[in-house]
Amino acid sequence: MAPVADVGITTREVIGFTRETADSITLTIEDPEARGFTPGQFYMLYSFGVGESAISISGDPARPRAIEHTIRSVGMVTAALSALRPGDRVGVRGPFGIGWPVDVATGGDVIVVAGGIGLAPLRPVVRHVIGARHRFGHVSVVVGARAPSELLFRDEIHEWRGRFDLDVRVTVDSADASWMGPIGVVTRLIPGVEVDPAKTIAMVCGPEVMMRFAAAELERLGVSPDRIFVSLERNMQCAAGVCGHCQMGPFFVCKDGPVFPYSQVAPYMGVRET
Amino acid sequence: MSDEEVLRSHRFTKGAEPEFVTHLITCGPVERTWEAGRPILAAGDTADRLHLIVEGDVAIGLQAPGGPPAVLQTLGPGDVLGWSWLMPPYRWAFDATAVTAVRAITLDATRLRAAMAEDPVFGHALLARLLIAITDRLQATRLQLLDLYGPRR
């Protein structure tokens, strides 16, 4: 069962900082209670005097005392969070939400498809799989980034690629001649992945348009939409399914998600927001 | 594996009727290899073959004045390379270069066009399969243009 959050805010210390790319960083925040989390869950992080933002957990579920969050600076709150350094204090609420179906995937094959910052909430899945590798079948990790310089967790991806028991493929949308890997969108890599559709669980995270096209490619490989899972991003505020800001059709993304079977949310993903 | 077996196991012919592959075989499939860095086809040259990539990565790009070649996309095993032989003036529109060692099954374009004209059922089946590849490439290019991971607009 996924850990359930206290609704109240607590203050925690930042104990680690890593710059990932020009606009993305990873903060490590202590959790003395080591309550743990399910890959795919998120915290509400509060920068004092600035505001609060939903940030997914990007760290290792096996390290519950050190919660990692990878943050892309795109607005006032994320810019303030990105300016924190070890020793600073941050407000936290969480963990919240329904995470990736790692239990359902156990015993079968796994495809992880990540685009851009979407790799952050999927990194705990890969770490979980590596930590219990014998419990999974064929595992593919497909990663797309805008450019080589914007690829998250480069050293870690390099380690994953060195393993004989992971099929790791990385592409970038554009690159100069120094990049020797594939160039093109991440969905182009999916047809080449080895898949046994009946025993595969796919976990997809990235911009919603990318997820829709990735799901279409996975369906072409024979993976059923109820075995494809996507993580959605909406305007999450209360994180408890009360305020309604993150409502999408009949779902509250903060409480019923952020991870959903694609079969459940596909009808709502292409709907124009007014 | 023989060229015929490689052709039958290629993604381009997946699920095809046996007659379709038999027809392709009459169009002279030849296995060709390129070392990394070697040109496979060049913009402006006569588009004379259909390439089905079996191994390796291929960069699609163009030579830009005053700079290094611009790579737009890479192709890999299972991909189709080159359809300019379908339409006059039968000239390649882009360059293709082997990024790694590349192995491909190539088919003669003149014989393919003749076979398509001679047998419309085969012609339709071949066009339908090429259209899937062309559509995939078009959609991928559109997604690239959207710059999905770029700054929010």
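Numbered from 1 within each chain, the chains take letters A, B, ... in sequence-line order. Just so you know, these numbers come straight off a predicted model, no measurement behind them.
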Point to revise | Backbone of A/Asp173 reached by a side-chain donor or acceptor of B/Gln144 within 3.5 Å | key: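 Checking the backbone N and O of A/Asp173 against the side chain of B/Gln144, a donor-acceptor pair under 3.5 Å is found.
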Side chain to side chain, [X] and [Y], heavy atoms closer than 4.5 Å:
X: B/Tyr149; Y: A/Val172; result: no
X: B/Arg142; Y: A/Val209; result: no
X: B/Val99; Y: A/Met180; result: yes
X: A/Ile183; Y: B/Gln73; result: no

Review point. Do other residues, nucleotides or ligands put more than 12 heavy atoms under 6.0 Å from the CZ atom of A/Arg163?
Key: yes
Exercise for review: Check the surroundings of atom CD in A/Glu194: do more than 12 heavy atoms from other residues, nucleotides or ligands lie under 6.0 Å from it?
Suggested key: no
**Study point:** Structural part of B/Leu75 lying under 4.5 Å from a heavy atom of chain A
**Key:**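 Answer is both: backbone and side chain atoms of B/Leu75 are under 4.5 Å from chain A.
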By a 4.5 Å heavy-atom criterion (distance strictly below it), what part of [X] contacts chain B: side chain, backbone, both, or neither?
X: A/Thr187; result: side chain
X: A/Ala147; result: neither
X: A/Arg169; result: neither

Check your understanding: Using a heavy-atom distance cut-off of less than 4.5 Å, which residues of residues 4-20 of chain B contact chain A?
Key -> B/Arg11
Check your understanding: What residues of residues 100-107 of chain B sit under 4.5 Å from chain A when you count only heavy atoms?
Key ->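 The residues closer than 4.5 Å to chain A amount to none at all.
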Practice item. Inspect the contact between A/Arg146 and B/Asp147 and indicate whether a charged nitrogen and a carboxylate oxygen are less than 4.0 angstrom apart. Key: yes
Review point. Of all heavy-atom pairs between B/Leu148 and A/Pro207, which one has the smallest distance, and what is that distance?
Key: O-CG, 3.7 Å
Revision key, fill the gap. Scanning both residues in full, the closest heavy-atom pair of A/Glu217 with B/Asp136 reads OE2-OD1, 4.3 Å
Review point. Tell me the ring-ring contact (aromatic ring centres under 6.0 Å, His included) pairs involving residues 141-176 of chain A, sequence neighbours left out?
Key: none
Check your understanding: Highest number of heavy-atom pairs under 4.5 Å with chain A: which of B/Val71, B/Asp57, B/Val58?
Key ->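 Greatest number of close heavy-atom pairs with chain A: B/Val71.
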Using residues 112-127 of chain B as the side-chain source, report each donor-acceptor pair under 3.5 Å to any protein atom, sequence neighbours left out, with the distance given to one decimal.
| unit_1 | atom_1 | unit_2 | atom_2 | d |
| --- | --- | --- | --- | --- |
| B/Arg113 | NH1 | B/Trp85 | O | 2.7 |
| B/Asp119 | OD1 | B/Val121 | N | 3.0 |
| B/Asp119 | OD1 | B/Phe122 | N | 3.3 |

